[in-house]
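Single-structure report; data block below.
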Amino acid sequence: MTPEQLEMCVSIAHGLAHMAITDPGEVFRMGVHSQAEKAKKLSEKKRKIVAML
């Protein structure tokens, strides 16, 4: 990892921590939404596999 990439990761982590402290409800909703989207994509992949059989 380059120093620039490390700096970007640290900045993102600081931003996420700040957001979680200042607006935990929004961070929670974003997490729930993210999990739902992931489950939806996984379900679509499974349907495509079953359709190919």
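Atom set for the values below is all heavy atoms of this structure, side chains included, hydrogens, waters and symmetry mates excluded.
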If you round to the nearest 0.5 Å, how far is [atom2] of [Y] from [atom1] of [X]?
X: Lys40; Y: Glu37; atom1: NZ; atom2: CD; answer: 5.5 Å
X: Met8; Y: Thr2; atom1: CE; atom2: OG1; answer: 8.0 Å
X: Met30; Y: Asp23; atom1: CE; atom2: CG; answer: 9.5 Å

Side-chain donor-acceptor pairs under 3.5 Å in residues 42-49, sequence neighbours left out?
unit_1 : atom_1 : unit_2 : atom_2 : d
Ser43  : OG     : Arg47  : NH2    : 3.3

Here the salt bridge (Lys or Arg N to Asp or Glu O under 4.0 Å) pairs for residues 1-19, sequence neighbours left out, are none

Quick check: is Val27 connected to Val32 through a chain of hydrophobic side chains (ILVMFWY, heavy atoms under 4.5 Å apart)?
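No, because Val32 and Val27 fall into different hydrophobic clusters, even though each may have its own neighbours under 4.5 Å.
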
